[in-house]
Enquirer: 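Dumping the structure here so I can ask a few things about it.
Below, each value reflects all heavy atoms present in this structure, side chains not excepted, and no hydrogens, waters or symmetry copies. Here is how names work: the chains are called A, B, and so on, in the same order as the sequence lines, proteins then strands, and each is numbered from 1.
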2 protein chains.
Amino acid sequence: MTELEKMNDQMLQEHYSALVHRYEEFQAQKLKLNMSRGIPSLDQLNLASGLLDCLTQTDYKAADGTDCRNYGGVDGIPEAKQLFSQVLEASPNEIIIGGNSSLSLMYDLIARAMLLGLPDSETPWVKLPQVKFLCPSPGYDRHFAICEHLGIEMIPINYQHDGPDMTQVEQLVAADSSIKGIWCVPKHSNPTGITYSDAVVKRLAAMPVKAPDFRIFWDNAYTVHHLTDTPPRLLNILDECKQAGNPDRVLVFGSTSKVSFAGSGIAVLASSETNISWFKKHLSIQTIGPDKLNQLRHVRFFNDLAGIEAHMRKHAAIIKPKFDLAIAIMETELGGQNLASWSKPQGGYFISVNTLPGCAKKIVAKTAAAGVVLTPAGATFPYGKDPKDNNIRLAPTFPPLAELKQAMELFTLCIQLISVEQELEKRAL
Amino acid sequence: MTELEKMNDQMLQEHYSALVHRYEEFQAQKLKLNMSRGIPSLDQLNLASGLLDCLTQTDYKAADGTDCRNYGGVDGIPEAKQLFSQVLEASPNEIIIGGNSSLSLMYDLIARAMLLGLPDSETPWVKLPQVKFLCPSPGYDRHFAICEHLGIEMIPINYQHDGPDMTQVEQLVAADSSIKGIWCVPKHSNPTGITYSDAVVKRLAAMPVKAPDFRIFWDNAYTVHHLTDTPPRLLNILDECKQAGNPDRVLVFGSTSKVSFAGSGIAVLASSETNISWFKKHLSIQTIGPDKLNQLRHVRFFNDLAGIEAHMRKHAAIIKPKFDLAIAIMETELGGQNLASWSKPQGGYFISVNTLPGCAKKIVAKTAAAGVVLTPAGATFPYGKDPKDNNIRLAPTFPPLAELKQAMELFTLCIQLISVEQELEKRAL
């Protein structure tokens, strides 16, 4: 029962008037803040300023003598493979270094599967009457956008505290050969913040699947993005798939977009040698190779995994206070009212808020009307359709603390306002 | 009539023995040279060394205030659009700045047309029983590889001195709606070196086509890559298409791969605003945006078109002597014998050599057997099949002059050797 439900009609009306008054005060401030996307702040970008000038005019050769300024090297320079094989816990032979976008690696892989099929496909996916992907939700809207764009049917899967509902997943993939993939953000998940348990990883790796070319799209976007010194540990799914006899099942994606520079990072794909050599062969039709100088820059700047980890502790020092502030304001403003619950992530870029059913769209609109743009309600679900209309993704990293405080005060006010309006409607007042 | 045909049997035999002896001397040298691809030399790359350190830790903002280190800007920063709009003679609204590879822009565009169709397509190309491209040949093997890879049927078109055989082109595109595209390298063409005449450009822009979504893939790869001070002028096909009432017909590609750094350049697409806005919308599903810092680097280093043109004169100073040497050796070794003819390009990266019919494959193999790798014979034709087996592409830019001399002496020797062997066979000697 919510605190609102306990109020009598008069109390509720008075409470509503007070909230409306506060909202009008916010409107008068003419705020213009944007918290819609998971974007690093200026301070975070400045941490990597050294990337801008770490190469000199005479420093352009890779360890194997490759002139990084020239053509070639479709799969990356050896030292970049070495570095990112540590980040993604794969061997350098199981790694391809891409351009600046892991999203492109994912899109291109699916586009290729559609047009030509994967190594173990019986036919290009586009020749099939239907292609379906499982979409644990709430999830990453850009994953879902790829599916929608390419006409892949999305099946929402519920999230539990430790990953997707595996019973649901196992039943579906065992029965339907048109299910070709599942989207996973397994660590500090976008937006729920959860990390998949060992049991979930093992079940994903071992479950019987009907489609021989089924793939787990393992977007390990936040693998080194911790907010605490004791982050949860994610099981190595490449190993688990090998052990389960399904070595080609998983495609692991990573990038430095939220490590170095969001627009000029390095994207990586890790998978079985079979998948990697297939990808490499196809990739060589599309490009002569990615930007090797940017790979060299990253190697010079970070050196090794320890360098990346030390760098990520600096990120945490900047963004943890933002997560703490956002959560503290929700606790102060909403605590004990049963109007919303929220994640307390140990890493990643988001806080996931669940409001009363049917309120999320209205809350986001109300917040926007007073000048604070949030991620569109529904964006975290396939086709933008949140069945309960109650999930809102918060992205607290970009705004400075003072702006974040204003935005969160407005947001929590709007949650109360819309919740009261719903209660008033229910009572037909 | 060749000089060989004029020799009597004994003379021919003696000539052959002398050639074989010279070939054996080459073999003894154990050469290891590669002239297979159009790759800039070390000296050329050094011209752009300043790109490596032209940004500082505080220089990361675009003219419009965009932080180039962060996410965003799927179509490029304003000053990069400005710069490349000059190079490709389009307005900044008709430009998208890509990543480091124009080949990727082409591949992605065709893959998108296959999966989803172009703005004026009746259906995605993959749903059609057949998709065909016209391939003026000899042409660029990587264009042909995209078609072959994606199952697009290639129709070879003969090259005249001023571009593709337009009578052949016009007849085909007017009659067959499955012909969706034509590949063109219109300036300093790869490998023939020709530049399309005004008449050819106008006919391409104006010709009636059966497919509403027909496109000219105008790979203007060598637009500023001149070897002389009086380069041929190429008509602006974007303007011509507009004037002919076919504004969406052409897709113009360019890159700085052979201007700045081959592996870390900037690729550009220019086309009608309709095509560009379509591309931008689709692109935003594939990536959040290309590397804007590398765009900023290019703007800082080159400033403007005049900067690029001045830079290209330095390239010419390095590579023209290589073209001159290669051609001089062919004139010395082969002149007046009627065993081969060769292009004398005014720009670009290649010399196109036509041998006696049926000899190209053998000549390339013979040259390789003595340690000099050339572009595979046939590579310049669709499916790698040169109908006359007589075209060989030379790429003289990469090797230093001394090595180029050895390679060309060996190559011209092999032309003579294989031609004599053919003549001997003919006489059944």
Enquirer: Go through the atoms of B/Ile110 and report whether side chain, backbone, both or neither lie under 4.5 Å from a heavy atom of chain A.
Expert: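 Answer is neither: B/Ile110 stays 4.5 Å or more from chain A.
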Enquirer: If you count heavy-atom pairs under 4.5 Å with chain A, which of B/Gly263, B/Ala111, B/Cys54, B/Gly151 comes out on top?
Expert: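 The option with the most such pairs is B/Gly263.
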Enquirer: Using non-hydrogen atoms only, which part of A/Cys68 is less than 4.5 Å away from chain B: side chain, backbone, both, or neither?
Expert: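 It is the backbone, since no side chain atom gets that close.
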Enquirer: Is A/Leu116 close to chain B through its backbone or its side chain, or both, or neither, when contacts mean heavy atoms under 4.5 Å?
Expert: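 A/Leu116 touches chain B through side-chain heavy atoms alone.
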Enquirer: Is A/Phe398 in contact with chain B via its backbone, its side chain, both, or neither, using a 4.5 Å heavy-atom distance?
Expert: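 Looking at A/Phe398, just its side chain touches chain B.
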Enquirer: Out of A/Pro40, A/Ala145, A/Gly50, A/Gly72, return the one with the most heavy atom pairs under 4.5 angstrom to chain B.
Expert: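 Looking at each option in turn, the highest pair count goes to A/Pro40.
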Enquirer: Give, for atom CG of A/Leu55 and atom CG of B/Leu51, the distance between the pair rounded to the nearest 0.5 Å.
Expert: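 Going from the CG atom of A/Leu55 to the CG atom of B/Leu51 covers 11.5 Å.
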Enquirer: What residue, out of A/Pro290, A/Gly73, A/Gly99, has the most heavy-atom pairs lying under 4.5 Å from chain B?
Expert: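 The option with the most such pairs is A/Pro290.
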Enquirer: When heavy-atom pairs shorter than 4.5 Å are enumerated against chain B, which of A/Leu105, A/Leu150, A/Leu42, A/Ile288 gives the highest number?
Expert: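 Highest number of pairs under 4.5 Å: A/Ile288.
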Enquirer: Chain A and chain B: which donor-acceptor pairs fall below 3.5 Å?
Expert:
{"from": "A/Pro40", "atom 1": "O", "to": "B/Asn70", "atom 2": "ND2", "distance (Å)": "3.0"}
{"from": "A/Asn46", "atom 1": "OD1", "to": "B/Arg69", "atom 2": "NH1", "distance (Å)": "2.9"}
{"from": "A/Asn46", "atom 1": "OD1", "to": "B/Arg69", "atom 2": "NH2", "distance (Å)": "3.3"}
{"from": "A/Asp53", "atom 1": "OD1", "to": "B/Gln57", "atom 2": "NE2", "distance (Å)": "3.2"}
{"from": "A/Gln57", "atom 1": "NE2", "to": "B/Asp53", "atom 2": "OD1", "distance (Å)": "3.2"}
{"from": "A/Arg69", "atom 1": "O", "to": "B/Ala262", "atom 2": "N", "distance (Å)": "3.0"}
{"from": "A/Arg69", "atom 1": "O", "to": "B/Gly263", "atom 2": "N", "distance (Å)": "2.9"}
{"from": "A/Arg69", "atom 1": "NH1", "to": "B/Asn46", "atom 2": "OD1", "distance (Å)": "2.8"}
{"from": "A/Arg69", "atom 1": "NH2", "to": "B/Asn46", "atom 2": "OD1", "distance (Å)": "3.3"}
{"from": "A/Asn70", "atom 1": "ND2", "to": "B/Pro40", "atom 2": "O", "distance (Å)": "3.0"}
{"from": "A/Tyr71", "atom 1": "OH", "to": "B/Lys258", "atom 2": "NZ", "distance (Å)": "3.2"}
{"from": "A/Asn100", "atom 1": "ND2", "to": "B/Gly289", "atom 2": "O", "distance (Å)": "3.0"}
{"from": "A/Ser104", "atom 1": "N", "to": "B/Gln286", "atom 2": "O", "distance (Å)": "3.1"}
{"from": "A/Ser104", "atom 1": "OG", "to": "B/Gln286", "atom 2": "O", "distance (Å)": "3.1"}
{"from": "A/Tyr107", "atom 1": "OH", "to": "B/Arg112", "atom 2": "NH1", "distance (Å)": "3.3"}
{"from": "A/Asp108", "atom 1": "OD1", "to": "B/Gln286", "atom 2": "NE2", "distance (Å)": "2.6"}
{"from": "A/Arg112", "atom 1": "NH1", "to": "B/Tyr107", "atom 2": "OH", "distance (Å)": "3.3"}
{"from": "A/His149", "atom 1": "NE2", "to": "B/His282", "atom 2": "ND1", "distance (Å)": "3.1"}
{"from": "A/Lys258", "atom 1": "NZ", "to": "B/Tyr71", "atom 2": "OH", "distance (Å)": "3.2"}
{"from": "A/Ala262", "atom 1": "N", "to": "B/Arg69", "atom 2": "O", "distance (Å)": "3.0"}
{"from": "A/Gly263", "atom 1": "N", "to": "B/Arg69", "atom 2": "O", "distance (Å)": "2.9"}
{"from": "A/Ser264", "atom 1": "OG", "to": "B/Asp291", "atom 2": "OD1", "distance (Å)": "2.7"}
{"from": "A/His282", "atom 1": "ND1", "to": "B/His149", "atom 2": "NE2", "distance (Å)": "3.1"}
{"from": "A/Gln286", "atom 1": "O", "to": "B/Ser104", "atom 2": "N", "distance (Å)": "3.1"}
{"from": "A/Gln286", "atom 1": "O", "to": "B/Ser104", "atom 2": "OG", "distance (Å)": "3.1"}
{"from": "A/Gln286", "atom 1": "NE2", "to": "B/Asp108", "atom 2": "OD1", "distance (Å)": "2.7"}
{"from": "A/Gly289", "atom 1": "O", "to": "B/Asn100", "atom 2": "ND2", "distance (Å)": "3.0"}
{"from": "A/Asp291", "atom 1": "OD1", "to": "B/Ser264", "atom 2": "OG", "distance (Å)": "2.7"}

Enquirer: Check A/Val126 against B/Leu115 and note the closest heavy-atom contact, atom names and distance.
Expert: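 Looking at all heavy atoms of both residues, the closest pair is CG2-CD2, 4.1 Å.
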Enquirer: Which answer fits A/Pro124, side chain, backbone, both or neither, if we ask what part of it has an atom under 4.5 Å from a heavy atom of chain B?
Expert: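 No part of A/Pro124 comes within 4.5 Å of chain B.
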